[in-house]
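Please read these numbers as outputs of a predicted model, since none were measured by experiment.
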Amino acid sequence: MLQIVFGGLMGVSVLYGLMQGKGDQVAAAMLAAAGDAVETALTLSGSFALFCGFMEIGRQPGAVDALARALAPLLLRLFGPGLPEDALGDVTLNLAGNLLGLGNAATPAGLRAARQMGGGERAGNALCLFLVLNASAVQLLPTTVLSLRAAAGSAAPGAVIGPGLIASGIAAAVGVISCKLWEKRP
């Protein structure tokens with residue numbers, strides 16, 4: 001669906017530029033934007049590879065299991081009986097990765113956790129809550145945003161930390177409360 005929307009927006013923009021007689025400017029802008037996209041992707045790929053490596057290193061020697069054991073009482077209370085015990089480590093890793101702003105690096109653990117929580121035709125309460133927490137993504141350190149702002153030459157790339165933490169915290173709280181109220185309805 002988004003491909004259709006963005007494709008339509010691009011098509012209308014290019015058509016409008018051509019109708020205005022600015023075909024050269026449209027072509028130059030498209031080439032410049034493509035170059036900027038490649039440059040940004042290369043800049044972000046280094047930080048992405050680094051943090052994916054950190055997540056995998058943490059997963060291998062049992063650090064995730066220790067973190068899962070420490071957070072188990074809180075997570076089991078939050079998710080309730082719908083959280084399979086074998087999904088606890090992946091849920092912990094995913095939520096910890098999102099908390100540190102490593103959403104892309106946390107995705108594989110999130111997919112494994114979702115597979116372990118799914119299985120039926122309908123999503124259970126635990127899976128719905130997990131998806132809500134992923135969508136709200138409370139971040140103590142939004143590494144991707146900081147990397148993008150630094151790459152763009154921002155004078156204060158860390159200025160987004162406070163507002164982002166407040167906004168994502170409110171989103172997560174509203175999401176959890178909504179899920180818990182939905183669970184209790186008849």
Trainee: Considering non-hydrogen atoms only, spot the tightest contact between Asp90 and Ala109 and give its length.
Mentor: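 In terms of heavy atoms, the two residues are closest at CB-O, 3.4 Å.
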
Trainee: Can you tell me how far the CD atom of Glu39 sits from the CG atom of Asp36, to the nearest 0.5 Å?
Mentor: 6.5 Å

Trainee: Taking C-beta and beyond as the side chain, do Pro142 and Ile161 meet within less than 4.5 Å on heavy atoms?
Mentor: yes

Trainee: Does Val132 belong to the same Ile/Leu/Val/Met/Phe/Trp/Tyr cluster as Leu75, with side-chain heavy atoms less than 4.5 Å apart forming each link?
Mentor: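 No, Val132 does not connect to Leu75 through the hydrophobic network.
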
Trainee: Flag yes if Val176 and Leu88 sit in one hydrophobic cluster, no otherwise; membership is Ile, Leu, Val, Met, Phe, Trp, Tyr, and two members link when side-chain heavy atoms are under 4.5 Å apart.
Mentor: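 Same cluster: Val176 reaches Leu88 through Ile, Leu, Val, Met, Phe, Trp or Tyr contacts under 4.5 Å.
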
Trainee: Among Val91, Leu129, Leu95, Leu83, which one satisfies side chain to side chain contact (heavy atoms under 4.5 Å, CB included) with Leu78?
Mentor: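 Among the candidates, only Leu129 passes.
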
Trainee: Quick one: closest heavy-atom pair of Leu133 and Ala172, and the distance?
Mentor: CD2-CB, 4.5 Å

Trainee: Specify the closest pair of heavy atoms between Ser136 and Ser168, including all atoms of both residues, with the distance to one decimal.
Mentor: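 Of all heavy-atom pairs spanning Ser136 and Ser168, the closest is O-CB, 3.5 Å.
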
Trainee: Taking the side chain from Ser13 and the backbone from Leu9, do they hold a donor-acceptor pair closer than 3.5 Å?
Mentor: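 Looks like yes, one N/O pair under 3.5 Å.
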
Trainee: If I compare all heavy atoms of Gln116 with all of Ala87, which pair ends up nearest, and what's the gap?
Mentor: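 Heavy atoms of Gln116 and Ala87 come nearest at OE1-CA, 2.8 Å.
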
Trainee: Give the minimum heavy-atom separation between Pro157 and Val160, together with the two atoms involved.
Mentor: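 It is O-CG2, 3.7 Å.
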
Trainee: Whether the side chain of Arg149 engages the backbone of Ala156 through a donor-acceptor N/O pair (distance < 3.5 Å, no angle test) should be reported.
Mentor: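 Here the side-chain-to-backbone pair exists.
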
Trainee: Do Leu93 and Arg112 come close enough that some side-chain heavy atom pair is under 4.5 Å?
Mentor: yes

Trainee: Between the main-chain N or O of Phe130 and the side-chain N or O of Asn134, is there a donor-acceptor pair closer than 3.5 Å?
Mentor: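 Pair found, side chain donor or acceptor close to backbone of Phe130.
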
Trainee: Around Lys180, counting heavy atoms of other residues, nucleotides and ligands shown, do more than 12 lie under 6.0 Å from its NZ?
Mentor: yes

Trainee: Are Met30 and Tyr16 co-members of a hydrophobic cluster defined by side-chain heavy atoms under 4.5 Å apart?
Mentor: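 No, no single cluster joins them.
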
